Amino acid sequence: DAMVIQNPRYQVTQFGKPVTLSCSQTLNHNVMYWYQQKSSQAPKLLFHYYDKDFNNEADTPDNFQSRRPNTSFCFLDIRSPGLGDAAMYLCATSRGLGEETQYFGPGTRLLVL
Amino acid sequence: AQSVTQLGSHVSVSEGALVLLRCNYSSSVPPYLFWYVQYPNQGLQLLLKYTSAATLVKGINGFEAEFKKSETSFHLTKPSAHMSDAAEYFCAVSEVGYSTLTFGKGTMLLVSP
């Protein structure tokens, strides 16, 4: 019954070594989001896709990129992870924007050594 | 620009006591309002949402919230706390139209026996 799946649940990478986090959904939703959540903080939206349209938040660092090759999958690429990028990364989906409920995956916890 | 304020980063209650988590919003027009819950090392789950229908909204797990336009508030309540309610709770706002969510900083609910 999994609806939003994130793999892996824990990811360890080295300082400066590119890393990719993945998200898939079985809900056939139009919108997919990536959030960064640091300890004891609110989720911070990095970007979202509405279908194939990519929407980047103004303060998202260039180090973060995303790909959505099809409706079901979305990837978060961190080109050169720094120690400050260690966080929980949450993927979410929704049918649309505004009043639509967002469905979250369990998250991937990234550790940068 | 929309924003949401959650008063109190931590709230402690005894099992069986009333739960009250506060949320105030700032928006040019009454927005859509959401409460999400996050258990440790998990994604967020929708508790309830207000989308301009009934001002008293009932959600899952016995929670409810009342939209009060005059007070720009959307406080979350539950008559009797259970140990399983211990989690972090996020209030979020989305402007009417096509907008993404803005989260508050979260309130950690602690429930003691």
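Because the structure is predicted, anything quoted here is derived from the model rather than measured. Chain naming here is simple, since letters A, B, ... match the order of the sequence lines and numbering starts at 1 in each.
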* Hey, can you tell me if A:Tyr35 and B:Phe103 have their rings parallel, tilted or perpendicular (30° and 60° cut-offs)? => perpendicular
* Sort out for me which of A:Gly107, A:Gly96, A:Pro43 touches chain B most, counting heavy-atom pairs under 4.5 Å. => A:Pro43
* Asked: Checking side-chain hydrogen bond (donor to acceptor under 3.5 Å, both in side chains) for the pair A:Gln41/A:Gln36: CA distance, chi angles, key distance, verdict?
  -> CA-CA 9 Å; A:Gln41 295 185 22; A:Gln36 180 191 64; over 6 Å; no
Please look at [X] and chain A and tell me whether the side chain, the backbone, both or neither of the residue comes under 4.5 angstrom of a heavy atom of that chain.
| X | value |
| --- | --- |
| B:Leu33 | neither |
| B:Lys49 | side chain |
| B:Tyr50 | neither |
| B:Gln38 | side chain |
| B:Leu46 | side chain |

* Asked: Quick one: of B:Thr102, B:Val93, B:Leu101, who has the most non-hydrogen atom pairs under 4.5 Å with chain A?
  -> B:Leu101
* **OH (A:Tyr103) with more than 12 external heavy atoms under 6.0 Å** =>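 No, OH of A:Tyr103 has 12 or fewer neighbouring heavy atoms, counting only those of other groups under 6.0 Å.
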* Asked: Should we count CG of A:Leu27 as having more than 12 external heavy atoms under 6.0 Å?
  ->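 Count over threshold, so yes.
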* To do: Kindly confirm or rule out an SG-SG distance below 2.5 Å between B:Cys91 and B:Cys23.
  => yes
* **Nearest atoms (heavy-atom pairs only) where A:Thr13 meets A:Pro18** => OG1-O, 4.4 Å
* Structure fact -> So, the part of A:Gln37 with a heavy atom under 4.5 Å from chain B: the answer is side chain
